[in-house]
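Predicted model, so just to flag it, every value in this text is computed and none were measured. All values below come from the heavy atoms of this structure, side chains included, with hydrogens, waters and symmetry mates left out.
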Amino acid sequence: ALVARGQTCERPAGFVDPPRPEIAPLEELISHTEVRYADQSLAANAQAANRPLRIDATKDLPGVTGTARLSNGPYGTVGARRLVCKTDGTILVEEVLLTESNAEGSRFRYVVWSYTSPKFRDVDYAVGEFVRTEPEAGKTLVNWTYRFALKSVLSSEEKARFEKIFLERDFSLWMRTQ
């Protein structure tokens, strides 16, 4: 894997925590979902998801080397923010929007913005969401969806290229390898 393990994530000099973007209705955003089955209970899968964020890079997209808190309290609570440092030296900001959990499953939604990577130049913000259910004992179904709001200056051709090349090829591969 291409990820650089053990790096720290610190606020760059002059960093100012940016305001969260106004989020459009989710059905208006371009989306992609990856579905995965895990051979573990819902509780075990949820516990495993609480580890420090480290994501491997793919050939086309950077991974994650670490995070730094931008708000008080743990990241899993609504309103909590963190800075995310990428393997290519770029950063982004995340904030928790929703967290729900009961015996039937869980939902965790977050918004991502202030991308500094040129790979995300067309993205205004994205909304990620994990939905976990346990369709049978000891098996967890994980639906991971990313919804993208693109910059308003993009033409319809640029939006179509983003969806076909970035979302359906590069980003979906990145999601599948995690």
Side-chain angles (χ1 to χ4, degrees), residues 2-3 9-35 49 53-100 107-131 142-178:
L2 304 173
V3 72
C9 182
E10 297 177 7
R11 294 180 195 205
F15 175 81
V16 176
D17 191 3
R20 186 182 83 199
E22 192 68 35
I23 299 170
L26 298 180
E27 61 274 3
E28 294 178 10
L29 306 179
I30 297 170
S31 70
H32 180 79
T33 300
E34 289 293 328
V35 178
L53 185 62
R54 297 277 189 261
I55 297 178
D56 291 341
T58 61
K59 179 175 72 76
D60 296 305
L61 293 175
V64 172
T65 59
T67 62
R69 284 187 187 170
L70 295 175
S71 60
N72 294 326
Y75 179 70
T77 59
V78 173
R81 283 188 181 192
R82 66 185 177 187
L83 181 72
V84 178
C85 297
K86 308 289 280 214
T87 57
D88 64 354
T90 62
I91 59 171
L92 56 88
V93 175
E94 290 183 341
E95 181 178 321
V96 177
L97 298 173
L98 174 79
T99 180
E100 299 174 337
R107 180 180 302 272
F108 180 77
R109 185 180 301 150
Y110 54 100
V111 61
V112 184
W113 76 102
S114 285
Y115 292 95
T116 61
S117 171
K119 297 280 187 176
F120 291 84
R121 70 183 171 276
D122 296 337
V123 177
D124 190 18
Y125 64 89
V127 177
E129 182 172 51
F130 287 93
V131 176
V142 180
N143 285 279
W144 184 15
T145 301
Y146 251 94
R147 297 173 178 96
F148 288 92
L150 301 182
K151 297 200 171 155
S152 59
V153 297
L154 296 178
S155 68
S156 56
E157 292 82 19
E158 290 169 318
K159 290 178 181 178
R161 185 177 64 242
F162 174 89
E163 193 165 2
K164 181 166 182 60
I165 295 171
F166 181 85
L167 189 57
E168 293 178 12
R169 187 188 75 194
D170 299 346
F171 200 76
S172 63
L173 175 63
W174 180 86
M175 290 174 76
R176 283 192 302 275
T177 60
Q178 306 312 316

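- Between the side chain of Thr33 and the backbone N or O of Thr145, no donor-acceptor pair lies under 3.5 Å.
- Contacts of Glu158 classified as salt bridge (Lys or Arg N to Asp or Glu O under 4.0 Å), with partners at least two apart in sequence or in another chain: none.
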Determine whether Tyr75 and Tyr110 satisfy the following criterion, ring pair (Phe, Tyr, Trp, His ring centres under 6.0 Å), listing intermediate values before the conclusion.
CA-CA 10 Å; Tyr75 179 70; Tyr110 54 100; 7.4 Å; no
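- The CG atom of Leu53 sits 9.0 Å away from the OG1 atom of Thr65 when rounded to the nearest 0.5 Å.
- Under the side chain to side chain donor-acceptor pair (under 3.5 Å) criterion, the residue pairs touching residues 169-178 are Glu34-Arg176, Ser172-Arg176, with sequence neighbours excluded.
- Between Val35 and Val142, every side-chain heavy-atom pair lies at or beyond the 4.5 Å cut-off.
- With sequence neighbours excluded, the residues forming a side-chain hydrogen bond (donor to acceptor under 3.5 Å, both in side chains) with Arg147 are Glu129, listed by chain and number.
- The CZ atom of Phe162 sits 16.0 Å away from the CD atom of Glu157 when rounded to the nearest 0.5 Å.
- Residues Leu154 and Lys159 come closest through the heavy atom pair O-CE, 3.6 Å.
- Expressed to the nearest 0.5 Å, how far CZ of Arg109 lies from CD1 of Ile23 amounts to 9.0 Å.
- The environment of Glu22 atom CD is sparse: at most 12 non-hydrogen atoms of other residues, nucleotides or ligands sit within 6.0 angstrom.
- Considering only residues two or more places apart in sequence or on other chains, Pro12 meets the side-chain contact (heavy atoms from CB on, under 4.5 Å) condition with Phe15, Leu83, Ile91.
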Assess the residue pair Lys86 and Val64 against the criterion (side chain to side chain contact (heavy atoms under 4.5 Å, CB included)); give the C-alpha distance rounded to whole Å, side-chain angles, the decisive distance to 0.1 Å, and a yes or no.
CA-CA 4 Å; Lys86 308 289 280 214; Val64 172; 4.1 Å; yes
Run the side chain to side chain contact (heavy atoms under 4.5 Å, CB included) check on Val96 and Arg81 step by step: do they pass?
CA-CA 7 Å; Val96 177; Arg81 283 188 181 192; over 6 Å; no
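- Applying the side chain to side chain donor-acceptor pair (under 3.5 Å) rule to pairs touching residues 112-125 yields nothing, sequence neighbours excluded.
- Sequence neighbours left out, the pairs with a member in residues 53-93 that pass disulfide (SG to SG under 2.5 Å) are Cys9-Cys85.
- For Asp60 and Thr58, the side-chain atoms include no donor-acceptor pair closer than 3.5 Å.
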Go through the steps for Leu97 and Val78 under the test side chain to side chain contact (heavy atoms under 4.5 Å, CB included), then give the verdict.
CA-CA 5 Å; Leu97 298 173; Val78 173; over 6 Å; no
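- For the pair Met175 and His32, the minimum side-chain heavy-atom distance is below 4.5 Å.
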Does the pair Thr99 and Thr77 meet the rule for a side chain to side chain contact (heavy atoms under 4.5 Å, CB included), with working shown?
CA-CA 7 Å; Thr99 180; Thr77 59; 5.9 Å; no
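- Remark: Leu98 CG to Phe108 CZ distance equals 9.0 Å, nearest 0.5 Å.
- For the atom pair CZ of Phe148 and OG of Ser31, the computed distance is 10.0 Å after rounding to the nearest 0.5 Å.
- To the nearest 0.5 angstrom, Arg82 atom CZ is 10.0 Å from Ser71 atom OG.
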